[in-house]
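Note that the structure is a prediction, hence the values are computed from the model and not measured. For the single chain, residues carry numbers from 1 onward in sequence order.
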Amino acid sequence: MDLNVLCDRLGVDLEPQLLELALTHRSYAYENGNIPNNERLEFLGDSVLGFLVTTHIHDLLTDLPEGELTKIKNAVVSARALAGVAAGIGLGEFMRLGKGEDQTGGRTKLNLLADTFEAILGAVFVSKGLDAATAMVQRFIFPLLNDTDTLRENSDPKTTLQEKAQELGLGTVLYQTQSEGPDHDLEFHSQVLIAEKVYGSGDAKSRKAAETEAAIAALKNLLNK
């Protein structure tokens with residue numbers, strides 16, 4: 001794992017130790033003696049990202065009311081949007097995952113990719129300051145504002161799916177969601193059914209997030225018809 005390659009892709013020169021921390025998922029940390037993981041950096045990066053996106057769209061979209069600005073912001077910082085950016089960087093290959101997480105497709109999971117991107121942004125902020133973090137967001141996140149269709153899907157994919165199903169005359173959208181695992185670490189799996197046919201599925205740490213991922217998958221299937 002050549003971290004210099006990742007730094008080149010990010011356009012930021014980060015200290016190897018800090019970058020490794022930003023890439024360390026809790027599953028890897030647990031399997032390696034409970035070493036520090038990236039959750040604190042992710043928490044920081046999430047706040048930095050929210051501030052920068054909010055400021056940008058406030059200054060850019062001067063005619064929109066608060067409610068519409070909120071929808072756009074939520075879409076831009078959604079797990080799906082961030083995971084798409086992370087996948088484009090090739091972030092999955094650099095993530096430090098536990099064996100179980102790795103074997104179950106962790107390198108392509110939307111929430112893990114999104115969380116890792118936020119952790120790296122947090123690391124950039126800690127190491128290089130707000131200007132460097134702003135440059136990273138300008139490079140990778142602000143271009144998402146040019147894709148209005150994707151923004152709308154990211155903003156409220158469940159509503160968009162219902163509208164699309166009605167437009168096609170397919171009927172009501174139903175979600176079948178189940179959970180498994182211990183109470184402190186539940187995993188939710190959701191399937192979207194339209195006219196008793198499964199159109200998409202999703203996995204996440206909460207019921208809402210799993211249903212959102214399932215709706216996004218179903219939208220892709222419907223839009224490709």
Side-chain angles (χ1 to χ4, degrees), residues 1-3 5-12 14 18-31 36-50 52-53 73-125 133 136-145 147 150-151 153-155 157 185-190 200-206 208-220:
M1 185 173 65
D2 188 348
L3 295 183
V5 172
L6 179 56
C7 285
D8 288 342
R9 294 178 188 177
L10 294 170
V12 180
L14 283 174
L18 182 60
L19 183 52
E20 283 187 358
L21 176 60
L23 294 167
T24 301
H25 185 255
R26 63 180 178 180
S27 61
Y28 182 95
Y30 175 77
E31 291 181 8
N37 63 47
N38 64 4
E39 290 180 353
R40 285 177 57 85
L41 285 175
E42 175 204 335
F43 169 78
L44 179 60
D46 176 73
S47 296
V48 172
L49 178 62
L52 292 175
V53 170
K73 178 210 169 185
N74 290 342
V76 173
V77 302
S78 68
R80 182 189 180 193
L82 297 183
V85 170
I89 299 170
L91 203 52
E93 65 187 275
F94 295 95
M95 293 192 301
R96 304 171 87 194
L97 303 177
K99 293 179 180 178
E101 193 67 67
D102 197 2
Q103 292 170 355
T104 56
R107 297 186 186 279
T108 60
K109 289 182 179 178
L110 298 188
N111 60 319
L112 296 193
L113 286 167
D115 291 348
T116 305
F117 180 86
E118 289 180 333
I120 289 176
L121 180 60
V124 170
F125 178 78
M136 181 175 167
V137 172
Q138 287 174 335
R139 178 179 179 182
F140 293 109
I141 303 301
F142 288 173
L144 298 175
L145 290 163
D147 189 347
T150 298
L151 276 180
E153 292 172 22
N154 289 350
S155 173
D185 193 24
L186 286 174
E187 289 280 351
F188 289 83
H189 176 75
S190 182
S201 62
D203 299 285
K205 288 292 186 179
S206 71
K208 180 179 179 181
E211 291 180 355
T212 296
E213 297 304 328
I216 290 168
L219 268 172
K220 287 182 180 178

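- Residues Ala217 and Gly200 approach most closely at CB-CA, 4.0 Å, considering heavy atoms.
- Applying the 6.0 Å contact sphere to NZ of Lys205 captures more than 12 heavy atoms from other residues, nucleotides or ligands.
- The structure places CD of Glu42 at 9.5 Å from CG of Leu112, a figure rounded to the nearest 0.5 Å.
- The distance from atom CG of Leu44 to atom CG of Leu49, rounded to the nearest 0.5 Å, is 11.0 Å.
- Under the 3.5 Å distance criterion, the side-chain polar atoms of Arg107 are matched with a main-chain donor or acceptor of Met95.
- A distance of 12.0 Å separates CZ of Arg96 from CD of Glu31, quoted to the nearest 0.5 Å.
- Counting only heavy atoms from C-beta outward, the side chains of Leu41 and Leu18 approach each other to under 4.5 Å.
- The two residues Ala214 and Ser190 come nearest to each other via the heavy atoms CB-O, 3.7 Å.
- The heavy-atom pair separating Gly98 from Ser27 by the smallest distance is N-OG, 2.8 Å.
- In this structure, CG in Asp203 is found 9.0 Å from CG in Asn111, a value given to the nearest 0.5 Å.
- Within the structure, salt bridge (Lys or Arg N to Asp or Glu O under 4.0 Å) pairs that include any residue of residues 109-118 comprise Glu101-Lys109 (at least two apart or interchain).
- Rounded to the nearest 0.5 Å, atoms CZ (Phe188) and NZ (Lys208) are 13.5 Å apart.
- At a threshold of 4.5 Å between non-hydrogen side-chain atoms, the residues Pro36 and Leu21 count as touching.
- For Arg139, the side chain to side chain contact (heavy atoms under 4.5 Å, CB included) test picks out no residue, with sequence neighbours left out.
- Atom CD in Glu187 sits 10.5 Å away from atom OG in Ser206 (nearest 0.5 Å).
- Residue His189 comes nearest to Ser201 through the heavy atom pair CE1-CB, 3.8 Å, listed as atom of the first residue, atom of the second, then distance.
- Closest non-hydrogen pair, Ala119 versus Ala22, comes out as CB-O, 3.4 Å.
- Here the side chains of Leu82 and Ile141 are in contact, with some heavy-atom distance below 4.5 Å.
- A 4.5 Å side-chain heavy-atom check between Leu23 and Leu3 finds at least one atom pair inside the cut-off.
- No side-chain heavy atom of Val124 sits under 4.5 Å from any side-chain heavy atom of Leu10.
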Next item on the list: Kindly indicate, with the supporting measurements, whether the criterion side chain to side chain contact (heavy atoms under 4.5 Å, CB included) is fulfilled by Phe94 and Thr116.
Entry: CA-CA 10 Å; Phe94 295 95; Thr116 305; over 6 Å; no
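- Looking at every heavy atom in both residues, Val76 comes nearest to Leu144 through O-CD1, 3.9 Å.
- The closest side-chain heavy-atom distance from Phe117 to Ile89 is below 4.5 Å.
- The shortest side-chain heavy-atom distance between Ile216 and Glu213 falls under the 4.5 Å cut-off.
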